[in-house]
Asker: 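Below is one structure. I have some questions about it.
Note that the structure is a prediction, hence the values are computed from the model and not measured. Every chain is numbered from 1 and lettered A, B, ... according to where its sequence line falls, protein lines coming before strand lines.
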Amino acid sequence: MDMKEQLRACILKGIEGCFADGTLTSGVVPAINIEKPAHQEHGDFASNVAMQMAKAERKAPRAIAEIIVNKLAGSSDLIKSLEVAGPGFINFFVKDDAWRMILQDIDQAGEQYGKSKVGAGRKVQVEFVSANPTGPLHIGHGRGAATGDAVASLLLAAGFDVQKEYYINDAGNQMNTLGLSGLLRYKELLGEKIEFPENCYQGGYMKDIAREVITKHGDRFLNVSQEEGVAFFAKFGGDVILKGIDEDLQDFGVRFDNWFSEQSLFDQGKVDSAVKEMQEKGLIYEQDGALWFKTTDYGDDKDRVVVRSNGVTTYFASDIAYHRDKFARGFDWVIDVWGADHHGYVPRLKGVVQGLGRKADDLGIILVQLVALLRDGVPVAMSTRSGEFVTLKEVVDEVGRDAARFFFLMRRSDSQLDFDLELAKRQSADNPVYYVQYAHARIKSIFETARERGVAPDFSGGVNLQLLESADDLALVKKLSLFPETLESAAVNFEPHRITYFLQDLAGEFHSFYNKSRVIIPEEPELTRARLFLLHCAAITLKNALTVLGISAPERM
RNA sequence: GCGCCUGUAGCUCAGUUGGAUAGAGCAACGGCCUUCUAAGCCGUAGGUCAGAGGUUCGAACCCUCUCAGGCGUGCCA
């Protein structure tokens, strides 16, 4: 039980005690809030129960607080002192010993420190990237990849049973366009004069694909029908591109548990059956020769076409079938990571989910905003139309996986992100990645020195934690203690950036500690051991936090 | 037109889901290496939380309106 829980239980008991002896009379116990005050002077924790009870008790908040404080005095060995402050807050000061005990928890938990069981094994699926197999991943996909991967591992750490999935849009018009693009480049390379349409894929990778076909198959596709040629290049190109996407993701440290093909939904008749189910439920109706889904029932601006008047299904039809299939596969919770430009699709998909008989919240949607690429503060020009976009691979090759992931996760996914390539490469405190990793490496270096000097960091014989009594010792301990709740809230809110902020905060606390406090002190072996134990716990926390984001914790820098 | 998102220090952004005196990093200025990694630390300065109303003990956060920017609003994917 963590400190907040203990305090909550303690307050509850106190209030009930007050009711019992008549010092409080309403008999109504509000939800007990425990928060961390912004200012140190306000204690380690504070509660606003007295203010919440004011109305029911018909007493001034401060008077109620006094009554509760009197009842609480000496009731818990966690509490050093408590006071009434401000408009009626009860401030709690926790005993130093209680703080220091946390170190033993951290040591004991090791790699598990910070993890929780709130997920209770519920099955959750995170679907992300899902870029069309019509070109290499660009930097925007990179942010989606980092975010989806981090959210998945956060949820895993929070006790969920997580699957990561990539949805392959291998059906529909864009595959024909891909096939045509390849075929035309192929003909061009073989000397035919061609007109390359504007809506075809302009990137240089199409020529690479055409070249590959020439080496493997020669010029035989010059003599087949347009239809056959397009079909071949669509399949061949799609496969090559998807393989490249997978490689780029692996270099970025992202691996999927499942790759799900849109085409498979058609092949297995799942699109038809999904449409049929919705029709039977009366959620799909016919008008102007097309079939429409009543998304307006769920807050959408207008109803949406599922099957066009020419009989061809829309992308939305696939989406209905896909999400129906996800739930049919037994997921309790389904999470989609989308580019923010798709935000208009949220009501529509939420409608589908409800139409399937699920709660709207069973589908979680994370919208990831644009990335603005900079070099030394100057925007890097990008244009998707001309195919001159910066790829994920280029960025990872230039700045490295760790820096790229950290930068992608530095901001709330909802807000736009400036990604400065030069800053990401810089090896100084300006660069938050190095700042954080350096903290870990520095601790490891201290242990190295300790070993060299024969101060073996073996804690099995017990450590005298009482010696950790300086303000800096305790400040570091308190920072470490925040990790579990930070991790949990980052997970359930889909907010990996809380971890990057926590890391910078913790690294700062450590660097500050390091500058003020000596760890290895030959004439004080017991204190040396205690401080080494503290840093051992700091290293565990730093490493666990970095790991959950998919970033390495170097031993040496 | 309608809908969604954003607006916090010169810049880039946090702000524990309504708490006490709004925080960090850059940039600026001034200090700290004979010491376990200076890829580091300490200090100074910087604010009408876009604006105006409202809700209550209490608002950057919730409601209404206004302004500014971005995105969406296909029988495209």
Side-chain angles (χ1 to χ4, degrees), chain A residues 33 35-39 41-42 46 48 51-52 54-55 60-61 85-89 91 132 134 169 171-175 177 199 262 287-292 299-302 304-316 318-319 339-347 367 369-370 374 377 410-412 414-418 420 423 426-439 441-450 452-453 455 482 485-486 489 493 497-498 500-501 504-505 507-508 510-521 528 531-532 535 556-557:
Chain A
N33 264 314
E35 59 181 41
K36 270 180 298 297
H39 299 277
E41 318 85 73
H42 294 141
N48 61 351
M51 281 129 85
Q52 290 179 303
K55 201 166 271 178
F89 287 103
N91 292 340
N132 289 346
T134 55
N169 295 117
N173 287 340
Q174 83 275 9
M175 294 312 287
T177 307
N199 68 342
E262 179 186 2
Q287 188 184 310
D288 303 331
L291 294 182
W292 300 71
D300 203 358
D301 299 336
K302 49 174 287 195
R304 307 291 170 178
V305 170
V306 175
V307 181
R308 287 176 257 172
S309 51
N310 64 6
V312 179
T313 60
T314 61
Y315 181 81
F316 183 44
S318 301
D319 258 348
D341 52 340
H342 286 73
H343 68 81
Y345 296 73
V346 174
L367 298 172
Q369 271 288 1
L370 296 176
L374 309 175
M410 228 164 23
R411 303 287 176 236
R412 226 171 65 231
D414 224 347
S415 69
Q416 288 199 14
L417 171 71
D418 284 349
D420 195 311
L423 175 59
R426 205 171 298 157
Q427 303 198 348
S428 74
D430 302 2
N431 185 344
V433 190
Y434 283 91
Y435 183 78
V436 171
Q437 289 184 319
Y438 182 51
R442 227 176 184 184
I443 293 173
K444 292 297 169 180
S445 164
I446 294 170
F447 273 82
E448 190 60 39
T449 307
E452 282 165 12
R453 297 190 189 173
V455 193
L482 295 177
E485 62 196 79
T486 305
S489 73
N493 292 301
H497 75 277
R498 293 194 191 202
T500 57
Y501 273 89
Q504 293 179 78
D505 211 24
F510 162 73
H511 287 308
S512 172
F513 167 90
Y514 177 89
N515 261 266
K516 283 185 251 172
S517 313
R518 187 136 277 275
V519 178
I520 300 171
I521 311 169
T528 299
R531 290 239 163 105
L532 282 172
L535 292 197
R556 200 172 300 200
M557 287 172 76

Asker: Where does U17(B) land, syn or anti, given syn is within 90° of 0?
Answerer: syn
Asker: On the six-membered ring of Y434(A), is R426(A) placed so that its NZ or CZ lies under 6.0 angstrom from the centre and within 45° of the ring axis?
Answerer: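 Cation-pi check for R426(A) and Y434(A): fails.
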Asker: Is there, by distance only and without an angle test, a donor paired with an acceptor across the side chain of R556(A) and the base of U37(B) below 3.5 Å?
Answerer: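 For R556(A), whose side chain was compared with the base of U37(B), there is no donor-acceptor pair (under 3.5 Å).
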Asker: Among all residues two or more places apart in sequence or in another chain, which pass the side-chain contact (heavy atoms from CB on, under 4.5 Å) test with D341(A)?
Answerer: none
Asker: Which is true for A60(A) with a 4.0 Å heavy-atom rule: it touches a base, it touches only sugar-phosphate, or it touches nothing?
Answerer: nothing
Asker: Identify which nucleotide among G15(B), C75(B), A20(B) has an atom closest to any side-chain atom of A290(A), counting heavy atoms from C-beta outward.
Answerer: C75(B)
Asker: Checking contacts here: which listed nucleotide (C41(B), U6(B), A20(B)) is nearest the side-chain heavy atoms of N515(A)?
Answerer: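 Nearest to the side chain of N515(A) among the choices is C41(B).
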Asker: Reckon R518(A) touches a base, only the sugar-phosphate, or nothing at all at heavy-atom distances under 4.0 Å?
Answerer: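 Since a base atom lies under 4.0 Å of R518(A), the category is base.
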Asker: How far, in whole Å, is G18(B) from A60(B) if one measures between their C1' atoms?
Answerer: 11 Å
Asker: Syn or anti for C33(B), taking syn as within 90° of 0?
Answerer: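 Glycosidic conformation of C33(B): syn.
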Asker: What contact category does A441(A) fall into here, base, sugar-phosphate, or nothing, at under 4.0 angstrom with non-hydrogen atoms?
Answerer: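 It contacts base atoms.
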Asker: If you only use heavy atoms from C-beta on, which nucleotide in A20(B), U6(B), U37(B) is closest to the side chain of A85(A)?
Answerer: A20(B)
Asker: Taking the side chain as every heavy atom from C-beta outward, state whether V307(A) and V312(A) have any pair of such atoms under 4.5 Å apart.
Answerer: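 Side-chain contact under 4.5 Å: no.
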Asker: Could you work out which one of C75(B), C57(B), U73(B) sits closest to the side chain of Y345(A)?
Answerer: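 Within the option list, the nearest is U73(B).
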Asker: Measuring only the P atom in each nucleotide, how far is C2(B) from A45(B)? A whole number of Å is fine.
Answerer: 48 Å
Asker: If you compare every side-chain N and O of R308(A) against the phosphate oxygens of C76(B) (OP1, OP2), does one of them come in below 4.0 Å?
Answerer: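 True: R308(A) side-chain N/O within range (under 4.0 Å) of C76(B) OP1/OP2.
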Asker: Are K302(A) and G74(B) close enough that a side-chain N or O sits under 4.0 Å from OP1 or OP2?
Answerer: yes
Asker: For S318(A) and E262(A), does a side-chain donor sit closer than 3.5 Å to a side-chain acceptor?
Answerer: yes
Asker: Please tell me if T449(A) has a side-chain N or O lying less than 4.0 Å from either OP1 or OP2 of C36(B).
Answerer: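 It does not, given that no N or O in the side chain of T449(A) lies less than 4.0 Å from OP1 or OP2 of C36(B).
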Asker: Of all the choices, A39(B), A77(B), U21(B), which nucleotide is nearest to the side chain of Y438(A) once you look at every atom?
Answerer: A39(B)
Asker: With rounding to whole Å, what would you report as the distance between A9(B) and C49(B) at their P atoms?
Answerer: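 Here A9(B) and C49(B) have their P atoms 10 Å from each other.
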Asker: Starting the side chain at C-beta, find the nucleotide from U16(B), G19(B), A38(B) nearest to R442(A).
Answerer: A38(B)
Asker: With a 4.0 Å cut-off on heavy atoms, is D288(A) in touch with a base, just the backbone sugar-phosphate, or nothing at all?
Answerer: base
Asker: Is the shortest side-chain N/O distance from R304(A) to OP1 or OP2 of U73(B) below 4.0 Å?
Answerer: no
Asker: Pick the P atom in A68(B) and in A77(B), then give their distance to the nearest Å.
Answerer: 36 Å
Asker: Pull out every stem in RNA chain B, meaning runs of 3 or more consecutive Watson-Crick or G-U wobble pairs with both distances under 3.5 Å.
Answerer: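 In RNA chain B, stems of three or more pairs: B:1-7 with B:67-73, B:10-13 with B:23-26, B:28-32 with B:40-44, B:50-54 with B:62-66.
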Asker: Give A507(A) one of three labels, base, sugar-phosphate or nothing, depending on what nucleic acid heavy atoms sit under 4.0 Å from its own.
Answerer: nothing
Asker: Please determine whether any donor N or O and acceptor N or O are separated by less than 3.5 Å between the side chain of N48(A) and the base of G19(B).
Answerer: yes
Asker: Among C57(B), U37(B), G70(B), find the nucleotide with the atom closest to the side chain of Q416(A).
Answerer: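 Among the listed nucleotides, the one closest to the side chain of Q416(A) is G70(B).
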Asker: Starting at atom CG of N33(A), determine the distance to atom P of U17(B), rounded to an integer number of angstrom.
Answerer: 8 Å
Asker: Which nucleotide, G15(B), U21(B), C36(B), lies nearest any side-chain atom of R498(A)?
Answerer: G15(B)
Asker: Verify the contact: side-chain N or O of K516(A) to OP1 or OP2 of U35(B), cut-off strictly under 4.0 Å; return yes or no.
Answerer: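 Result: no.
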Asker: Atom CG of D418(A) and atom C1' of G70(B): how far apart are they, to the nearest Å?
Answerer: 14 Å
Asker: Can you figure out which of G3(B), A20(B), A39(B) approaches the side chain of Y434(A) most closely?
Answerer: A39(B)
Asker: With a 4.5 Å cut-off on side-chain heavy atoms, are I446(A) and L532(A) touching?
Answerer: yes
Asker: How far, in whole Å, is G46(B) from G23(B) if one measures between their P atoms?
Answerer: 14 Å
Asker: Can you find a heavy atom in the side chain of R304(A) that is under 4.5 Å from one in the side chain of W292(A)?
Answerer: no
Asker: Can you tell me, in whole Å, how much space there is between the P of U12(B) and that of G74(B)?
Answerer: 33 Å
Asker: Does D288(A) use its side chain to pair, donor to acceptor, with the backbone of A290(A) at less than 3.5 Å?
Answerer: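 No, the answer is negative, given that no donor and acceptor are paired below the 3.5 Å cut-off.
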Asker: What about H511(A), does its side chain sit under 3.5 Å from the base of C41(B) through a donor-acceptor pair?
Answerer: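 Side chain to base: no pair present.
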Asker: Considering only heavy atoms and no angle criterion, is a donor-acceptor pair shorter than 3.5 Å present between the side chain of Y514(A) and the base of C33(B)?
Answerer: no
Asker: With a 4.0 Å cutoff (strictly under), does any side-chain N or O of R411(A) reach OP1 or OP2 of A14(B)?
Answerer: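 False: R411(A) side-chain N/O out of range (4.0 Å or more) of A14(B) OP1/OP2.
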Asker: How many Å lie between CG on D414(A) and P on G15(B), as a whole number?
Answerer: 11 Å
Asker: Under the criteria of a ring-centre distance below 5.5 Å and an interplanar angle below 30°, is H343(A) stacked with the base of G72(B)?
Answerer: no
Asker: Would you check if the side chain of D505(A) reaches a backbone N or O of Y501(A) as a donor-acceptor pair within less than 3.5 Å?
Answerer: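 Such a contact is absent between D505(A) side chain and Y501(A) backbone.
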Asker: Report yes if a side-chain nitrogen or oxygen of Y435(A) is closer than 4.0 Å to either non-bridging phosphate oxygen (OP1 or OP2) of A24(B); otherwise report no.
Answerer: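 For A24(B), OP1/OP2 do not have a side-chain N/O of Y435(A) under 4.0 Å.
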Asker: When only distance counts, do a donor and an acceptor, one from the side chain of S309(A) and one from the base of C75(B), lie under 3.5 Å apart?
Answerer: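 It does, because a donor-acceptor pair links the side chain of S309(A) to the base of C75(B) below 3.5 Å.
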Asker: Answer with base, sugar-phosphate or nothing: what part of the nucleic acid does Q504(A) contact at a heavy-atom distance below 4.0 Å?
Answerer: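 Nothing, no heavy atom under 4.0 Å.
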Asker: If you measure from the C1' atom in G25(B) to the same atom in G15(B), how many Å do you get, rounded?
Answerer: 15 Å
Asker: Counting side-chain heavy atoms from C-beta on, which of A20(B), A77(B), G19(B) comes nearest to M51(A)?
Answerer: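 Nearest nucleotide to the side chain: G19(B).
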Asker: Taking only residues two or more places apart in sequence or in another chain, which ones pass ring-ring contact (aromatic ring centres under 6.0 Å, His included) with H42(A)?
Answerer: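 With neighbours one apart ignored, the set is H39(A).
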Asker: Given the P atoms of C13(B) and A50(B), what is the spacing between them in whole Å?
Answerer: 15 Å
Asker: Considering just the side-chain nitrogens and oxygens of S512(A), establish if one lies under 4.0 Å of OP1 or OP2 belonging to C42(B).
Answerer: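 Yes, S512(A) has a side-chain N/O under 4.0 Å of OP1/OP2 on C42(B).
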Asker: What does N91(A) touch in the nucleic acid at a heavy-atom separation under 4.0 angstrom: a base, only the sugar-phosphate, or nothing?
Answerer: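 Result for N91(A) = base.
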Asker: Look at S517(A) and C36(B) and indicate whether a side-chain polar atom (N or O) is within less than 4.0 Å of OP1 or OP2.
Answerer: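 S517(A) to C36(B) OP1/OP2: no side-chain N or O under 4.0 Å.
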Asker: Are K36(A) and E485(A) ion-paired here, with the side-chain N under 4.0 Å from a carboxylate O?
Answerer: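 Salt bridge flag = yes for E485(A) with K36(A).
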Asker: Would you classify N493(A) as touching base, sugar-phosphate or nothing, given that sugar-phosphate means primed atoms plus P, OP1 and OP2, and contacts are heavy atoms under 4.0 Å?
Answerer: base
Asker: Is there a side-chain polar atom (N or O) of H342(A) under 4.0 Å from OP1 or OP2 of C5(B)?
Answerer: no
Asker: Hey, is F89(A) doing a stacking thing with G19(B), by the 5.5 Å centroid and 30° angle criteria?
Answerer: no
Asker: Is it true that H511(A) and Y514(A) have ring centroids separated by less than 6.0 Å?
Answerer: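 No, the ring of H511(A) stays outside the 6.0 Å limit from the ring of Y514(A), centre to centre.
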Asker: Do D420(A) side-chain atoms and L423(A) backbone N/O form a donor-acceptor pair below 3.5 Å?
Answerer: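 Yes.
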Asker: Mapping A46(A) and F316(A) to their closest nucleotides on RNA chain B, which lands nearer the 5' end?
Answerer: A46(A)
